[in-house]
Undergrad: 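Here's a structure for you.
Start at 1 and go down the list; that is how both ligands and their atoms are numbered.
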Amino acid sequence: MKASKIIGVGSYVPDNVFTNFDLEKMMDTSDEWIQQRTGIVERRWVSDDQGTSDLALNASLEAIKSAGIDKNEIDMIVFATLSPDHDFPGSGCFLQAKLDLPEIPAIDLRQQCTGFLYAMSVADKFISSGSHKNVLVVGAEVHSKGLDKTPEGRTVSVLFGDGAGAVIMSACDVEDRTKERCFIDAHLHSDGKFAKELWLPGPGNSFERPVRIDQQMLDEGLHYPQMNGKTVFVHAVKRMAQCLQELCVKHRVSLEDIDLFLFHQANLRINSKVAEVMGIPEEKIFNTIQKYGNTTAATIPLGMNDAVKEGKLKEGMLVASAAFGSGFTWASALYRW
Ligand code: UT7
C-alpha cells in the first residue's frame, strides 16, 4: 500500500532573543508570572526585514538538505500559517518563488496552532493517492509584528514567538502502516462555535462597514489577537487528550508503545495536564516552549528538529502529536520516525 514518510526536517528561528525581563520593560508583566503561568522563559522575534516566507525558506532549505534530495524533486508545498506575509496570495507561493521551484502547486492552510498536523495529513493524502511523491510541509509564523506590545496587550503578547519548521514527506510502500516507518494516521477536528474565543477580528469584511479596515477598527485594537485564555485552556486539555485517545484506539496502539510525544506548545501547564489526565510520563513529552514561546503552526516541526538534534528522536521511534488552537481546531497524528 502507498504511504508517506518523513525523510527530512529543518527549522529556523530569528536571532533576536526577547526574554521575559525584556518584556517587563514594555508592559506590566513579570518573569515570575510568565514562567509560572506558561513555562515561557524567552522567545525569538524577527528583525524588520524578515517576513513569514523568509523564515520558511531557511527551515525548508535545512529540511531539503537533511532529506538528501534535489529541491527540484519537490512536487508540492503545503504551508501552514496564521500570519502570512500578505492577505493574498498565500505564503506558499512566496516560498515557491524564493526556492525557485518548478510550477508545482502551493497550498496554504489556515488552521492556526493545529495547522502543521492538518498540513501533514493533507500531504499524506496526496502522496498516498499516488499523485505526488515529495511534499514540502511547512509551518511558519511571524507573530511579533502583529502583537499589542503596550500594557493592554500583555495577556496575549507575552505568549507568542516567531519561527519556522519544515519536513519533506516522501512516498513509500508499506504492508502495515502501524509497524513500518511511515505517517500512520491523523484525526482532524474543528468547532467554529468557539471561533471568537481566540481570533483576530480585523481587517475583516464581516463588520457593518464599507471597508475591511478603518481608523475606528485600529483605535479599538481589532487588528490585535483576542483570546479568552481560560476557555481555550480548558478545551485544549480536553480535546488534545480526546483526539490522542481516539487515534490510539483506532490503531490499537497503547500509550506505552509511544516513544515520544510532540505536542503543540501553547502552555507548559496544558501539556502537563494532558500528561496527567492520560497517564503519560512527563519525560516522554518533548517541550520547547521555554525557549520559543508559542509559535503556533511552527511548534511541532521546530520540536521535531530540536528533538533530533538532542538525540531524543531517533529512527524507528513511534511518535504521537496533538494540537489545539483557534477555530477551535484540534488534531492528533501518529507516525513512525
Ligand atoms: O495555542 C493555542 C492558543 N492559546 C492557548 O492555548 C492559551 C490557553 N490559555 C492559557 O495559556 C492561560 O489561560 C494564560 C496563560 C493565557 C493565562 O493564564 P491564567 O492562569 O488563565 O491567567 P488569567 O487569565 O486568569 O489571569 C490571572 C491574572 C489576572 O489578574 P487578576 O484579574 O487576577 O488581578 C490577569 O490580569 O493575571 C493577570 N495577567 C497578567 N499578569 C502579568 C494576565 N496577563 C498577565 C501578564 N503579566 N502577561
Undergrad: Closer than 4.0 Å and a protein heavy atom, does any atom meet both conditions relative to atom 34 (O) of ligand 1?
TA: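 Within 4.0 Å: no protein heavy atom nearby.
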
Undergrad: Name the closest protein heavy atom to atom 11 (O) of ligand 1, giving the residue it belongs to and the distance to 0.1 Å.
TA: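 That would be Asn267 ND2, 2.7 Å.
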
Undergrad: Considering only heavy atoms, does Ala236 approach ligand 1 within less than 4.0 Å through its side chain, its backbone, both, or neither?
TA: neither

Undergrad: How many angstroms lie between atom CZ of Phe263 and atom CG of Leu117, to the nearest 0.5 angstrom?
TA: 11.0 Å

Undergrad: Taking non-hydrogen atoms only, is His264 closer than 4.0 angstrom to ligand 1 via side chain, backbone, both or neither?
TA: side chain

Undergrad: Under 3.5 Å, which donor-acceptor pairs link side chains of residues 159-168 to any protein atom two or more places apart or in another chain?
TA:
{"from": "Asp162", "atom 1": "OD1", "to": "His143", "atom 2": "N", "distance (Å)": "2.6"}
{"from": "Asp162", "atom 1": "OD1", "to": "Ser144", "atom 2": "N", "distance (Å)": "2.9"}
{"from": "Asp162", "atom 1": "OD2", "to": "Val46", "atom 2": "N", "distance (Å)": "2.8"}
{"from": "Asp162", "atom 1": "OD2", "to": "Ser144", "atom 2": "OG", "distance (Å)": "2.5"}

Undergrad: Under 3.5 Å, which donor-acceptor pairs link side chains of residues 201-213 to any protein atom two or more places apart or in another chain?
TA:
{"from": "Arg209", "atom 1": "NH1", "to": "Asp214", "atom 2": "OD1", "distance (Å)": "3.1"}
{"from": "Arg212", "atom 1": "NH1", "to": "Asp87", "atom 2": "OD2", "distance (Å)": "3.0"}
{"from": "Arg212", "atom 1": "NH2", "to": "Asp87", "atom 2": "OD2", "distance (Å)": "3.1"}

Undergrad: Can you give me the closest heavy-atom contact between Ala322 and Leu244, atom names plus distance?
TA: CB-CG, 4.0 Å

Undergrad: Might you check, step by step, whether the distance between atom 22 (O) of ligand 1 and some protein heavy atom is under 4.0 Å?
TA: yes

Undergrad: Could you tell me if Lys145 sits above the aromatic ring of Trp45, with its cationic atom closer than 6.0 Å to the ring centre and no more than 45 degrees from the axis?
TA: no

Undergrad: What residue and heavy atom of the protein are closest to atom 29 (C) of ligand 1, and at what distance?
TA: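 Answer for atom 29 (C) of ligand 1: Arg154 NH2, 5.0 Å.
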
Undergrad: Which of these, Ala297, Gly229, Cys113, Pro225, has its nearest heavy atom closest to atom 2 (C) of ligand 1?
TA: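 Residue with the shortest heavy-atom distance to the ligand atom: Cys113.
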
Undergrad: Any salt bridge linking Asp173 with Lys2? Criterion: basic side-chain nitrogen under 4.0 Å from a carboxylate oxygen.
TA: yes

Undergrad: Can you pull out the closest protein heavy atom to atom 47 (N) of ligand 1? Residue, atom name and distance to 0.1 Å, please.
TA: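 Here the closest protein heavy atom is Thr29 OG1, 2.6 Å.
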
Undergrad: Check ligand 1 against Leu198 and write out every atom of the ligand that is under 4.0 Å from a heavy-atom position of the residue.
TA: 3 (C)

Undergrad: Just jot down the ligand 1 atoms closer than 4.0 angstrom to any heavy atom of Thr38, in number order.
TA: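 Under 4.0 Å from Thr38, ligand 1 has these atoms: 15 (C).
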
Undergrad: Let me see the working for Leu188 and Gln111 under side-chain contact (heavy atoms from CB on, under 4.5 Å), right down to the final yes or no.
TA: CA-CA 10 Å; Leu188 314 177; Gln111 269 63 36; over 6 Å; no

Undergrad: How far is atom 17 (C) of ligand 1 from its nearest protein heavy atom, and which residue and atom name does that atom have?
TA: Trp33 CH2, 4.0 Å

Undergrad: May I ask you to list the atoms of ligand 1 that are less than 4.0 angstrom from any heavy atom of Phe324?
TA: 1 (O), 2 (C)

Undergrad: Once the angle between the rings of Phe194 and Phe328 is folded into 0 to 90°, is it parallel (under 30°), tilted (30 to 60°) or perpendicular (over 60°)?
TA: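 Judged by the thresholds at 30° and 60°, the geometry between Phe194 and Phe328 is parallel.
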
Undergrad: Of the backbone atoms (N, CA, C, O) and the side-chain heavy atoms from C-beta on, which set of Asn294 has a member under 4.0 Å from an atom of ligand 1: side chain, backbone, both, or neither?
TA: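 Near ligand 1, Asn294 shows its side chain, while the N, CA, C and O stay back.
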
Undergrad: With heavy atoms under 4.0 Å as the rule, classify the contact between Val156 and ligand 1 as side chain, backbone, both or neither.
TA: neither

Undergrad: Measuring from Ile40:CD1 to Asp31:CG, what's the distance to the nearest 0.5 Å?
TA: 11.0 Å

Undergrad: May I ask you to list the atoms of ligand 1 that are less than 4.0 angstrom from any heavy atom of Ala266?
TA: 1 (O), 2 (C), 5 (C), 6 (O)

Undergrad: N/O to N/O below 3.5 Å, does that happen between Ser30 and ligand 1?
TA: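 There is no such contact.
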
Undergrad: Using a strict 4.0 Å cut-off to heavy atoms of Ile270, name the atoms of ligand 1 that fall inside it.
TA: 6 (O)

Undergrad: How long is the span from the CD1 atom in Ile74 to the NZ atom in Lys133, to the nearest 0.5 Å?
TA: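 So the CD1 of Ile74 and the NZ of Lys133 are separated by 14.5 Å.
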
Undergrad: Verify the neighbour count for atom CD of Glu283: are there more than 12 heavy atoms of other residues, nucleotides or ligands below 6.0 Å?
TA: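 Yes, enclosed.
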
Undergrad: Any idea which of Glu32, Met227, Arg37, Gln112 brings a heavy atom closest to atom 16 (C) of ligand 1?
TA: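 Looking at heavy atoms only, the winner is Met227.
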
Undergrad: I'd like to check atom 14 (C) of ligand 1 in this structure: does the protein have a heavy atom lying under 4.0 Å from it?
TA: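 Given the 4.0 Å cut-off, atom 14 (C) of ligand 1 does not count as touching protein heavy atoms.
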
Undergrad: What's the shortest distance from atom 5 (C) of ligand 1 to any protein heavy atom, and which residue and atom give it?
TA: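 In this structure, atom 5 (C) of ligand 1 has Val232 CG1, 3.5 Å as its nearest protein heavy atom.
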
Undergrad: Atom CD of Glu246 and atom CD of Gln242: how far apart are they, to the nearest 0.5 Å?
TA: 6.5 Å

Undergrad: Any idea which atoms of ligand 1 are less than 4.0 Å away from a heavy-atom of Val158?
TA: 48 (N)

Undergrad: Return yes or no for this condition: an N or O of Lys230 is under 3.5 Å from an N or O of ligand 1.
TA: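 Min N/O separation from ligand 1 is below 3.5 Å for Lys230.
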
Undergrad: Could you tell me whether Arg269 approaches ligand 1 through its side chain, its backbone, both or neither, with non-hydrogen atoms closer than 4.0 Å?
TA: side chain

Undergrad: As an exercise, state the distance from CG of Asn287 to OG1 of Thr299, rounded to the nearest 0.5 Å.
TA: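 Reported value, rounded in 0.5 Å steps: 10.0 Å.
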
Undergrad: Between His235 and Phe324, how do the two ring planes meet: parallel, tilted or perpendicular, split at 30° and 60°?
TA: parallel

